[in-house]
Number of protein chains: 2
Amino acid sequence: MPQEDAQTNTPQAEVYNRIWRAIADRKMRPGTRLKEEKLAEIFSVSRARVRQALAALEHDGLVTIVPHRGAFVSQPSVEEARDIFFARRAIEAQLARRLCATATPEIVAKLERHVAREREAHAEGDTRTAIRLSGGFHLLLGELAGSPYLWDVLRDLVSRTSLIIAMYQVRTGPDCGPDEHAEIVAAITQGHSDRATELMTHHLEHLEGTLDLEQDASQSDDLSDLLS
Amino acid sequence: MPQEDAQTNTPQAEVYNRIWRAIADRKMRPGTRLKEEKLAEIFSVSRARVRQALAALEHDGLVTIVPHRGAFVSQPSVEEARDIFFARRAIEAQLARRLCATATPEIVAKLERHVAREREAHAEGDTRTAIRLSGGFHLLLGELAGSPYLWDVLRDLVSRTSLIIAMYQVRTGPDCGPDEHAEIVAAITQGHSDRATELMTHHLEHLEGTLDLEQDASQSDDLSDLLS
DNA sequence: GTTTTAATAATTGTTGACAATCTTGATATC
DNA sequence: GATATCAAGATTGTCAACAATTATTAAAAC
């Protein structure tokens with residue numbers, strides 16, 4: 001499942017959100033250990049709260065909990081990475097198609113405004129916000145498509161994609177520039193649903209293609225670096 | 001998010017699975033209250049375990065937790081119901097399409113065997129297993145499509161659909177007979193991907209159409225029955 | 001010098017008791 | 001009689017101490 005996670009008020013949600021953002025924004029590398037007591041100290045909450053947050057994050061696939069060993073930032077395998085991209089293509093293609101049918105001027109305006117901000121951050125060389133906005137584009141698209149359920153699935157997929165990029169990006173590459181997003185928005189604006197879905201599919205394939213997903217999955221540890 | 005939930009070993013997973021099945025098999029009506037202490041007594045576990053299980057079930061959308069009030073079997077609204085069906089169409093259409101491209105003889109055999117079992121239960125008038133097998137067909141399709149992630153999303157969607165049917169079915173109707181499933185399998189067997197996706201979409205629309213989703217969403221309580 | 005074994009420390013898992021909140025029922029007031 | 005107020009009971013939420021498990025270190029054996 002997937003459903004309303006990002007609550008706001010309660011202190012336990014605060015812990016969840018902080019860790020979630022840290023992982024999604026790639027401030028914590030995959031494999032990082034998350035000690036309960038340390039987190040409890042950082043956030044000034046009881047260990048039970050941290051425990052709940054970690055359990056929820058495990059449900060989201062961002063954290064892996066090994067019994068009696070602790071919680072770690074997940075290290076998605078190559079197979080999982082490919083699967084995530086397949087799921088994104090399947091879902092986002094449909095969302096783009098639906099948006100073509102339901103797009104109002106306000107919706108188009110929101111999309112164009114977002115792409116403009118992406119362009120801005122990209123031009124200024126502000127990589128961190130560029131990354132966040134880039135993921136945000138896909139989330140915005142899901143939000144505007146009017147399916148709360150798929151929006152939540154998409155939120156999950158985008159955050160997992162962050163982990164995948166952190167693990168498998170070959171270098172600090174172009175990182176999903178705003179041009180392809182602009183094209184998609186253009187297709188939606190004109191109501192070309194087939195073209196929009198095709199562009200979205202291609203865009204995600206392009207993103208997947210920039211990663212190094214060829215390595216042997218059996219050597220996901222640090223050992224592989226030493227033996228190369 | 002959606003990911004590996006149905007663990008097997010641990011006692012807390014046992015509680016989760018038992019409650020999950022009870023809801024998915026429509027043995028517990030939407031709105032039923034789930035008292036922690038009572039569940040703890042039934043399953044002979046501590047209240048903390050029950051608490052974990054309920055939290056996970058809330059994440060799956062099968063249970064709604066109201067702070068300081070307790071846990072209840074969810075009562076999906078009409079909007080949520082429509083959204084769930086939209087999501088199912090989006091995802092299952094893509095899964096059917098993919099299966100057309102990757103279907104092996106073994107896969108086809110598994111699908112046909114399942115449909116045969118559905119026919120059997122239907123002919124014998126065994127409604128309960130017919131319902132379970134009917135949902136199982138969609139899950140099997142997701143499993144054979146080879147996307148663990150979407151399979152998990154589908155599992156979530158199918159269980160939510162059970163709740164929706166429990167709430168909105170107009171009577172104990174035909175309940176998704178096996179004939180449409182057979183047609184879909186036939187299309188997959190022949191590799192007609194467009195036809196398979198179309199059949200799947202239509203099948204889900206048909207299922208949604210058998211429900212009474214016209215009622216005013218503001219009257220989801222029992223009062224609406226009394227005032228009609 | 002390397003491997004085994006044991007003792008210690010650090011970390012996670014669980015439980016039961018207590019606090020906070022809500023529901024229910026009775027009583028008082030209009 | 002209907003509504004408001006308040007107390008008792010029931011239920012959920014939280015925490016801190018304790019148990020179980022694993023990691024680390026040191027010593028011992030080869």
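The chains referred to below are lettered A, B, ... by the order of the sequence lines, with proteins before strands, and numbering in each begins at 1.
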OG1 on A:Thr129 to CD on A:Glu124, rounded to 0.5 Å: 7.5 Å
Value in whole Å for how far the P atom of D:dT21 lies from NE2 of A:His68: 6 Å
Output field: ring centroids A:His138/A:His181 closer than 6.0 Å: yes
Whole angstrom value for the distance that separates P of D:dT14 from CD of B:Gln52: 15 Å
Protein-nucleotide distance (B:Arg51, atom CZ; D:dT11, atom P), rounded to Å: 14 Å
Close side-chain approach of B:Tyr168 and B:Val78, heavy atoms under 4.5 Å: yes
Salt-bridge contact A:Asp25-A:Arg128 (side-chain N to carboxylate O under 4.0 Å): no
Test: A:Arg98 cationic atom under 6.0 Å from B:Phe86 six-membered ring centre, within 45° of axis: yes
Heavy-atom side-chain contact between B:Leu207 and B:Phe85 under 4.5 Å: yes
Nearest-nucleotide comparison on DNA chain D, the residue closer to the 5′ end among A:Pro67 and B:Glu36: B:Glu36
Atom CD of B:Glu205: over 12 foreign heavy atoms under 6.0 Å: yes
Distance in Å, A:Arg29 CZ paired with A:Ile23 CD1, rounded so as to fall on 0.5 Å steps: 12.5 Å
Between the protein and nucleotides 5-10 of chain C, list the N/O to N/O atom pairs that are separated by less than 3.5 angstrom.
none

Whether over 12 other heavy atoms sit under 6.0 Å from A:Glu37 CD: no
Nearest-angstrom distance from the residue atom NZ of B:Lys38 to C1' of D:dT12: 16 Å
Rounded distance (Å) that lies between atom C1' of C:dT11 and atom CD of A:Glu41: 14 Å
Whole-Å distance separating the CD atom of B:Glu37 from the P atom of C:dG16: 12 Å
C:dT12 OP1/OP2 closer than 4.0 Å to side-chain N/O of A:Arg69: no
Protein-nucleic acid N or O pairs under 3.5 Å, nucleotides 15-19 of chain D:
unit_1	atom_1	unit_2	atom_2	d
D:dC15	OP2	A:Ser46	OG	2.9

